Amino acid sequence: MFHATLHQLKVFEATARHGSFTRAAEELYLTQPTVSIQVKQLTKAVGLPLFEQIGKRLYLTQAGQQLLDTCQRVFEGLEQFEMAIADIKGMKQGQLKIAVITTAKYFVPRLLGPFCQRFPGIDISLKVTNHQNIQERMANNEDDLYIISQTPEQPDLKVHPFLENPLVVIAPKNHPLVGKKNIPIQELSGEQFIMREPGSGTRQAVQSLFDEHEVDVKVRLELGSNEAIKQAIAGGLGISVLSVHTIISEGTTGEFAILDVEHFPIERHWYVASLAGKQLSVVADTFLNYLLEESHPMAQKLLPDIKLATATTLEETDPELVTSSK
Ligand code: PGA
């Protein structure tokens with residue numbers, strides 16, 4: 001059994017790197033005799049000379065070279081071990097602050113469940129808000145990660161797309177347009193419409209599509225929440241355009257139908273973003289990778305309709321989702 005201390009190996013490695021006891025001593029804040037004693041003891045333990053001295057310079061012997069290679073592998077392994085331990089400690093406790101766009105609240109909590117089970121010591125703060133408020137939170141550096149659904153104006157962000165977020169026309173089941181195929185977008189003109197509040201990304205997207213096609217809906221109500229809009233649709237107050245995620249748990253078997261209107265769905269994505277200059281904590285970084293790796297398989301498993309909703313025509317994959325059978 002080879003008896004050497006970690007300290008001796010460090011002294012040896014520095015001596016080999018510098019080819020000098022004196023310089024190794026300087027680097028390690030030791031005296032030169034201490035360094036040479038340590039190397040002598042190590043030589044004794046190995047049982048072969050580690051250096052040969054030619055002039056003032058030290059050269060490694062074959063055994064010395066082998067030991068140096070071994071030392072490098074040992075130190076590298078220890079470094080990786082230290083990093084892994086720091087990560088484990090970091091993941092044992094910590095905080096994660098996330099701000100998510102309103103539509104993502106239908107999906108992100110489902111992802112957070114297994115993450116919290118895996119790392120039970122992590123405290124999570126989840127703020128659900130609209131596009132404009134998220135931008136303000138970014139400007140004030142309030143959160144670790146942001147889940148947004150349009151690439152923001154802010155340039156200094158690291159942004160990764162991770163899932164589709166299509167916007168569809170949602171109507172009550174008994175609406176006269178339910179069941180019609182490929183409805184021209186102009187037919188929405190004059191429809192009673194429920195609109196999200198100013199500052200909403202959904203509203204911006206809808207408004208610009210309607211402007212482009214000169215569609216003039218009658219905005220009957222403005223509501224600041226997707227849930228409130230769903231209730232208003234169910235109550236017969238009008239139709240609206242919402243992310244398909246908002247009705248994914250009820251699907252179209254509940255009170256809603258998705259109208260098959262030209263130029264819909266409006267294709268959007270969710271992105272996870274962080275401020276470019278921000279040093280992400282181990283927790284935030286782990287969640288970011290988790291989100292990128294797990295969200296798609298989970299979406300397919302938990303919410304298989306997402307795939308349907310992103311098909312060019314919803315009807316192609318699931319007529320039930322587009323037309324009302326009742
Ligand atoms: P909003 O955004 O809440 O600002 O409308 C929702 C979305 O874009 O998914």
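This is a predicted model, so every value here is computed, not measured. Just so you know, these numbers use all the heavy atoms, side chains as well, and skip hydrogens, waters and symmetry mates. Order of listing sets the numbers, starting from 1, for every ligand and every atom in it.
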Is it the side chain (CB and beyond), the backbone, both or neither of [X] that lies under 4.0 Å from ligand 1, heavy atoms counted?
X	answer
Arg268	side chain
Ile101	side chain
Asn226	neither
Arg196	side chain

Under 4.0 Å to a heavy atom of [X] - the qualifying atoms of ligand 1, by number:
X	value
Asn130	3 (O), 4 (O)
His131	4 (O)
Ser200	1 (P), 4 (O), 5 (O)

Open item on the list: How about CG on Asn289, more than 12 heavy atoms from neighbouring residues, nucleotides or ligands closer than 6.0 Å, or not?
Closed with: yes
TODO: Count the heavy atoms belonging to other residues, nucleotides or ligands that lie under 6.0 Å from NZ of Lys10, then report whether that count exceeds 12.
DONE: no
What protein heavy atom sits nearest [atom], and how far off is it?
atom	value
atom 4 (O) of ligand 1	Gly201 N, 2.6 Å
atom 3 (O) of ligand 1	Thr102 OG1, 2.5 Å
atom 7 (C) of ligand 1	Ser149 OG, 2.9 Å
atom 9 (O) of ligand 1	Thr103 OG1, 2.5 Å

Task: salt_bridge(Arg23, Glu27) N-O dist < 4.0 Å - done: no
Open item on the list: Assess whether a salt bridge exists between Glu142 and Lys127, defined as any Lys/Arg side-chain N lying under 4.0 Å from an Asp/Glu carboxylate O.
Closed with: no
Task: Heavy-atom check, side chain of Leu275 versus side chain of Leu157, under 4.5 Å - done: yes
Open item on the list: Quick check: do Pro172 and Ile239 have side-chain heavy atoms less than 4.5 Å from each other?
Closed with: yes
TODO: In sequence, state the C-alpha distance, the side-chain angles, and the governing distance for Phe107 and Phe162, and then conclude on ring pair (Phe, Tyr, Trp, His ring centres under 6.0 Å).
DONE: CA-CA 12 Å; Phe107 184 65; Phe162 70 95; 7.2 Å; no
Open item on the list: The criterion is salt bridge (charged side-chain N to carboxylate O under 4.0 Å, His left out); which residues satisfy it with Glu227, sequence neighbours excluded?
Closed with: Lys230
